[in-house]
Each structure stands twice: as structure tokens, then as C-alpha cells.
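Okay, structure first, notes after.
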Amino acid sequence: MIEPNIDPKLLKPYDPKETEDRIYKLWEESGFFNPDVCIEKGIADKNAETFSMVLPPPNVTGTLHLGHAATLTIEDIMIRFARMQGKRTLWLPGTDHAAIATQSKVEKILEKEEGKRKTDLGREEFLKRVEKFAQESHDTIVSQSKKMGASLDWSREAYTLDAKRNFAVRTAFKKMYDDEIIYRGHRIVNWDPKGQTVISDDEIVYEERKAKFYTFKYSSDFPISISTTRPETKVGDVAVAVNPTDERYKDYVGKTYVIENFCGVKLEIKIIADEVVEKEFGTGALGVTPAHSQIDAEIAMRHNLPTKQVINEFAKMTVGDERILGKKTTEARLAIVEWLQSEGLLEKEEEVIQNISTAERTGGIIEPLPKLQWFINVNKPIKERGNKSLKELMLEAVQSKNINIIPDRFEKVYYNWILNLRDWCISRQIWYGHRIPVWYKDEEIYCGIEAPSEEGWSQDEDTLDTWFSSGLWTFSTLGWPDSNAPDFQTYHPTNMLETAYDIIFFWVARMILMSTYILGVVPFKNVYLHGLVRDPQGRKMSKSLGNSLDPLELTSKYGTDSVRMSLIIGTGPGNDSKMSEDKIRAYKNYANKLWNITRFVLSSTENFKYEESFPSYTERENILIKEIDELIKEITKEMEEYKFYLVGEKIYQYTWSRFADIIIEESKEIFLNGTDVDKNSRAQFLLSTLVKILKILHPFMPFVTEEIWGIIPIENKKLLMVEKWPK
RNA sequence: GCGCGAUUAGCUCAGUUGGUAGAGCAACUCAUUUACACUGAGAAGGUCGGGGGUUCAAGUCCCUCAUCGCGCACCA
């Protein structure tokens, strides 16, 4: 039955392996990922509405996982849709140096493969190793992104740590320094003994663990008992705080007690009254350790108490005798408990569930330590911005609806974060990252975009929190600090920021902070937050669980289009989704179905020439045309509302249950027994509807649709990716 | 402690402004070389987590409880 001049490819099942790389190359060579080329070639109008978006830059810590694949798919759908609507469309790729994450990864490799530490190599040599690793990760990421079909404008690719971004970082830092938004301060910070660096509040992950809650007295003649889960810090106590209204301890307030020998350490404890102490908690008395607790430091400040550091950067004790000196905190804890017991001072030992602070990237247990660090002041009024603080600017951007968050329930999450926000610690004691643009000479400090020209200045050793540079991303990638840069003028603020909801604080909020402060405008008009991709049991995919699916493996097994479809369908904004191979398989069958539909349509319409506006449809076809056109109208609206999960499913439904099962089936009868008028009308309908299906399906399944488009006999056709979205 | 989300067919999820419960996958029955077995036709499957309320009408709105998950805060 099949005519010999049908493309022979159609005679076999659809083969994504043979197709995908070839199609991607075709797209890349066309240059249409680049909006400038689209304008040059008459695809998009210079004055057309813009649609711009930055890709959340993946960390150069290794390879892409399914979460990245989901991001790439959702964003590619947005971009391809906008491009087909004739918008001036830019999707900008890049990667993130992910300072701590990348450095600790390389440190691990170095330790494992060569048994060396970074200090064995020295800063310069170690950084070379990190850069090599980063480059390799980058290359993998780029090739994986292409594999996913992402229509990113590679000519504009950026890196958070390249020269242009470094210039932007230095410029931003200098402005903030001059405005006194950035300051250097001595405070209790989150020290990660494992990563040997300070981290911000947001980089802490809380883990529930069992702990012992000890109640004891410093000495037998001390009048008040206190409780703690960390007895080892008690050698750094300078006071006991009670609630001012607590009758039990009223008489002691103001007195100072000297304990000559607390496990070998001399303590001077003053009894003070402070509102923050809860009468009901523990004994209602709090041992104040200013050097190793945020709250205690605040109490100490109010009461003018000294700070006594007893733990160092390696989480080891710096005071006492051989029982604790130089010991790890966990060992010192046992030693002190043992001593308390032997002295008869220990009154109670309870088991409690405690939230322990760990470092997000290294897993190290956070040790609060007093340190001199750089901070961003989130409360200082900024003259240039109507005397509003960063907190207020961030709040206003969303409250004013200048930024629209989808789904909107995340607005509340965002407001709550701002409410609890404290000054952002931005300095890190690691080597990989943007060096702080501050120089010291004796007592002098100099902050500048470039190093001071005179001799004798030495630069701050620290680097910046990786999110500092990510915060500038929407504009540092578009030519800023040159505010006349054409890209910056055309594409900023960006239209859309699409990312997973788990980096709303790290990234989304920081971009809003940087943009509203530095530029006075929002970085993006819309935020679309997607959920996390989980395994069939709903668990987070992780290497240690061994349940993570490799996107590359999946795409080579089932084809990229099927993987994309399964990542989209059943995935509403903000909701986590479950991924299984069964689901992907279903969409592999769908791609093949479409392939066979094409085979049928082309082989049965061979003697008919496709006419874009066919004048003489019969009544039956007019009804069918109305049906598909109404569907297109409906899904176009839903595309504009970002309901991709809905659209994907509707197109699937229509092509399979309607077009293939009903329309094609009845066509067989028409082609066999119908009049010439009926046959002609049907043939035109089949061809024109296939064209419509290919167009609306293209953003979802770009490879198979482009491949079929190439086979269909239509005159003067462009690539499907730049065809106009049907109306 | 504060807040958010989920709970609908065996599984995964839709269900727009309230108007007769939907899809995919799986399982079941039939068809057997068809554009396509990566198939077609058919049937089956649900007191929409429990309870209460508003309404002519509630999966949908309100209250409440339960279970699961998440975020933030606390963590002496």
C-alpha cells in the first residue's frame, strides 16, 4: 500500500538516537537560538515584544540530574513558545562556580587520589586544579543541556567567575561599600570546622538528633542550677541569666561568684536579669557563653559582659588542663560530664531531640564563633532608594506586584524569610571565588574596583559568598556595569525567572536584593517555581540512596522528547513530582504514534498538494477544523498561563484519541469510497491538521516534530522552531 | 511554636468562576498483521482522608480533626 516515494525513514519506527544530535546541530547552525540572528533573518521583528530569561546556572560540581532536566525542559517550552509567537526571545545560559561546593569536591578528590591537602599545593596551584575540574564539569553540563534540546543562546554564555562577572562583582561591592551597605564587623558567625569557613544563615541545614540535656551546678556552693546540651562550652561562661520577674532567683541578681576550679578552669559568673530568659525552660536560668552562642552574645552585649573564647576553628578546646585542652568538643563534653558526676554536681540527665546545625555543603557541625567578617546590612536606610532598607526594597518588589510569583503561596514564604532576615555574611575563608576587593596597609583600608597603585597594600584573603555573584546574574550577564550595553537595554528586567522552589532564598531573593538596590528595578517580572523531581516512592533522588536516574541514560534509552514529556505532565507549579521509567515509556510510544500518523497521512495524501488556505472544505471537515482550532485557542491561553502540564496532556489526547483513533480511521473509508471532492477535502484537512499538531507540540517534543516537519512536503518552509504558532 | 502543601480509581495525577466524578499507566475481556503490537475495540474500577456547616446544588467555599510531607523560628 505504501508508495515508494515516501521518505524511507518513515517505514521504520521512529529512532530518536539517529535523529536528535542531527536536529540539534541543524538548530545550532541556523543561529536561531540567538535573537540577533532571528532579527537579521526576518524571523522576529526588531521592535517585537521581548521575552528574556536566564537559565539558573548549574553548579560546576559534576553532572546534571533530573532536576536540571526538568528546569531545562520547562524553560525550553517557554522559550520555544515565545519564539514561535514572534517575540524577540533570549534564553541565556551559564554556569555557577559554586565556591564551597566545588572547592570541597576538589579537596575530596585530591585527598582520595593523591592523599594531599590544599595547603600542600598552595593557593595558586590548588586553584588551577579547581579550574580544571570546573572546566570539565562545564563541558559535561553544556553537552547534557544540548542533549535535552535546550534552545539556549550559546553565543551569550556566561560564568559566575569569569572576567566580566568579576568586574561586575567588584563594581557592585565597591558601590555597596561606599554606601556603607557592606561593612566589616566582629560577631558570632556560623563557623564550619569541616569546610574551614564561615557560612551564612541560609547555608545551615537543621538535622534532628538525639542529645543529652544536662542539669548541674558550677560548684557545690553556687546557688543556681543550669541546663545545657553542651557542657564543654560552660568553661566559657561569664554569667547566669534569669528572667527579671523570676522570684526564685531575684535575690541573687547582681552578685558575682568566682568558681576557682570548674574542671580545671577558673570562672567568674555574674547573675544578671534579662527578658529573653524563659522561666519555664529548664531551670529558668541560662548559663551565658558569649563566644559560642548568638543569643548569649546579644545578652552579653546588653550587660557589658566579657567574651571568653574557649573553642577554636577546629572545634577543639583552647582552655583547661589535660582533661580537655586540645580535645575535640565532643570529647571534652564527656570529660566535663564525668568531672561533674565525680564532684556530685550533676543533677539530671535527660534525653532530648535537638535540632543540630550543619553546613549545607560539607555536612560539618556548625560551631558559633566570634569572628571579623564582611556583612551586608539589610536594615540600613538607603538614600538613593528613598531611604528604604534592603529588606524594605525586597518586600516592596513583591508586594507592589512588580514581581509576580507563581504559585502565589510562595509569596508568604518569601515575606516570612525577609521578616526573619539578619545581616548577610558574605565573606568566606575559601580560595575558589571572587576575592574581596579590599586592600590593607597597616591601619588603612582601601576598597576599589582595581588594586591601589602604590606599594605595600595587601588584598583581603577571603572570597565572596557564591550567591553574591549569582545575585547580579540577571544584569551581569547582559553587559552591566555598562548601563548602555544593548542587551542590558533590551532584555532587562527579564520577563521570567524559572527555577526550583528550593533556592527561593538563596537565589531569587538575592537577585531581587541586588537589582532593586543597584539598579532600582526588579530583576524579573515573573517567577515560576517548579517542584522537585522525586523517585517513584516519593523520595528525594540522591546518590547515596542509589535511586537517582541519570537523564543521559534515560534520553538514550527512550529519546529526549519522551523524557521531556514525562517531566512536564503531572507537574504543576510548586508541586513535587514523581518520576518513573513507566511514565517515560508511555511517551516514547506517543512519539512513535505521531511518526506513524505521519506515515499514514503522507502515504494517503501523496497525490494531493498541500495548500495552506484551502477554499473548498466539505461540511465534515469544517466541523473538524473548528474543533482543532478551538483546541488551539484554548491551549494558547493555557500556555500563556504557564499550564504546560495541562497543554501537553491535551495535545496528547487530541492526537491519539481523536486524530488517530477517530479521524484517521474514518479517513480510510473516505479514501476508499468517497467522491473526489470528499477525498480532496479530507486530504487537505489531514495535512493541515498534522501541521498544526506539529507546531503546538514542538515546544514539548522538539526533536520528533522538527524531524517530521523536515519530511512533510511543504514548499518554502523554514525550520519548525521558528514557524509561527497557529491561531 | 508559626506557616505552607498534600489526602480523588490498584499506582501517578487533572478537575478553571460551586452545576451529573476525569486522564494516563497497571490489571481484565475481545480483536490478530493493521498507518502503528511502541496497536485497536470494550468493560470494570471512586461515600473525592473523617466530621460539621453554608447552598436549590460542595471534590470545589467555611470550620474542625486526622495522617503524611515541607519551610521558618526555637533549640539554655
Side-chain angles (χ1 to χ4, degrees), chain A residues 1-2 6 10-14 201-202 206 208-209 211 213-215 225-231 233-234 237 240-242 276-278 280-289 293-296 299 352-357 407 409-421 501-502 504-505 531-532 534 536-540 558-559 562 565-566 569-572 574-604 634 637-638 641 643 645-646 648-650 652-653 656-657 660-661 664-665 667-668:
Chain A
M1 283 304 278
I2 290 156
I6 284 283
L10 279 174
L11 300 178
K12 291 180 289 179
Y14 172 60
D201 296 341
D202 293 285
Y206 295 101
E208 271 194 355
R209 287 192 197 171
F213 191 53
Y214 303 97
T215 301
S225 302
I226 58 162
S227 302
T228 184
T229 53
R230 299 198 59 190
T233 63
K234 298 293 105 183
D237 280 12
V240 162
V242 298
V276 299
V277 183
E278 280 174 43
E280 321 306 326
F281 194 96
T283 61
L286 158 68
V288 182
T289 323
S293 155
Q294 181 79 41
I295 292 182
D296 292 12
I299 296 172
V352 291
I353 300 289
Q354 192 194 23
N355 264 341
I356 197 154
S357 310
R409 63 186 150 92
F410 281 101
E411 285 180 13
K412 221 168 176 176
V413 177
Y414 174 80
Y415 294 145
N416 187 254
W417 177 78
I418 293 175
L419 213 68
N420 291 306
L421 187 62
Y501 66 72
D502 60 347
I504 182 166
F505 308 137
L532 310 176
R534 296 173 179 280
Q537 280 98 54
R539 296 173 304 179
K540 210 168 173 173
Y558 301 103
S562 338
M565 274 300 255
S566 58
I569 294 183
T571 314
N575 294 334
D576 293 353
S577 61
K578 292 181 184 144
M579 187 54 158
S580 68
E581 292 203 39
D582 277 350
K583 202 169 163 187
I584 307 173
R585 209 173 292 126
Y587 294 108
K588 179 179 159 59
N589 295 353
Y590 177 57
N592 195 53
K593 188 75 183 178
L594 192 68
W595 191 251
N596 281 303
I597 286 172
T598 308
R599 187 199 301 186
F600 177 85
V601 171
L602 292 192
S603 64
S604 55
E634 195 179 305
K637 186 169 166 271
E638 283 160 355
E641 290 164 353
K643 294 178 178 167
Y645 51 100
L646 216 59
E649 202 162 338
K650 281 183 181 175
Y652 176 95
Q653 262 336 295
W656 203 311
S657 311
D661 290 348
I664 283 185
E665 286 309 317
S667 301
K668 290 176 183 171

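Letters A, B, ... mirror the listed sequences (proteins, then strands); counts begin at 1. Worth knowing before you read on, the calculation uses all heavy atoms, side chains too, and leaves out hydrogens, waters and symmetry mates.
Val601(A) comes within contact range of no nucleotide atom at all, as no heavy-atom separation falls under 4.0 Å. Using a 4.0 Å heavy-atom criterion, one finds that Glu278(A) contacts the bases of the nucleic acid, with or without backbone contacts as well. Residue-level contact check: Leu10(A) touches neither bases nor backbone, having no heavy atom under 4.0 Å from any strand. Backbone-only engagement by Thr229(A) is indicated by non-hydrogen atom pairs under 4.0 Å involving sugar-phosphate atoms exclusively.
Rounded to whole angstrom, the span from the CZ atom of Arg534(A) across to the P atom of rC68(B) amounts to 16 Å. For the pair Gln294(A) CD and rA73(B) P, the interatomic distance rounds to 12 Å; values are reported in whole Å. Atom NZ in Lys412(A) sits about 8 Å away from atom P in rG3(B), given to the nearest Å. Asn416(A) places its CG atom 12 Å from the C1' atom of rG1(B), with the value rounded to the nearest Å. Counting to the nearest Å, the C1' atom of rC70(B) and the OH atom of Tyr206(A) are 16 Å from each other. Atom CG in Leu532(A) sits roughly 13 Å away from atom C1' in rG5(B) (whole-Å rounding). Distance CD (Gln653(A)) to P (rA23(B)): 8 Å, rounded to an integer number of Å.
Between the side chain of Asp576(A) and the main chain of Gly531(A), no donor-acceptor pair closer than 3.5 Å is present. Lys643(A) places no side-chain N or O within donor-acceptor distance of the main-chain N or O of Glu638(A), the cut-off being under 3.5 Å.
Phosphate contact (OP1/OP2 of rC36(B), side-chain N/O of Arg599(A), threshold under 4.0 Å): present.
Using atom C1' as the reference point in both rC72(B) and rU60(B), the two lie 30 Å apart (nearest Å). As rounded to the nearest Å, rG53(B) and rG18(B) have C1' atoms that lie 15 Å from one another. Using C1' as the reference atom, rA35(B) and rU29(B) are 26 Å apart when rounded to the nearest Å.
Taking a pair as Watson-Crick or G-U with both hydrogen-bonding distances under 3.5 Å, the stems of three or more pairs touching RNA chain B are B:1-7 with B:66-72, B:10-13 with B:22-25, B:28-31 with B:39-42, B:49-53 with B:61-65.
Listed by chain and number, the residues in a side chain to side chain donor-acceptor pair (under 3.5 Å) with Glu280(A) amount to none (sequence neighbours excluded). Scored by the side chain to side chain donor-acceptor pair (under 3.5 Å) test, Asn575(A) finds Arg409(A) as partners (sequence neighbours excluded). In this view, Phe410(A) and Tyr501(A) satisfy the ring-ring contact (aromatic ring centres under 6.0 Å, His included) rule, not counting sequence neighbours.
The nucleotide whose nearest atom lies closest to any side-chain atom of Tyr652(A) is, among rA35(B), rC4(B), rG24(B), rG24(B). In the set rG3(B), rG71(B), rG5(B), rG71(B) carries the atom at the smallest distance from any side-chain atom of Phe505(A).
A ring-centre distance under 6.0 Å is not found for Tyr587(A) and Tyr558(A).
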Can you name the atoms? Protein N/O to nucleotides 37-43 of chain B N/O, anything below 3.5 Å, with the distance.
residue	atom	partner	partner atom	Å
rC38(B)	O4'	Asn589(A)	OD1	3.0
rU39(B)	O3'	Lys593(A)	NZ	3.2
rG40(B)	OP1	Lys593(A)	NZ	3.2
rG40(B)	OP1	Trp656(A)	NE1	2.3
rG40(B)	OP1	Asp661(A)	OD1	3.4

Protein-to-nucleotide contact annotation, 5' to 3' order, nucleotides 11-20 of chain B [B base; S sugar-phosphate only; - none; under 4.0 Å, heavy atom]: -SSS------
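Using a cutoff of 4.0 Å between basic side-chain nitrogens and carboxylate oxygens, Lys668(A) and Glu665(A) are scored as salt-bridged.
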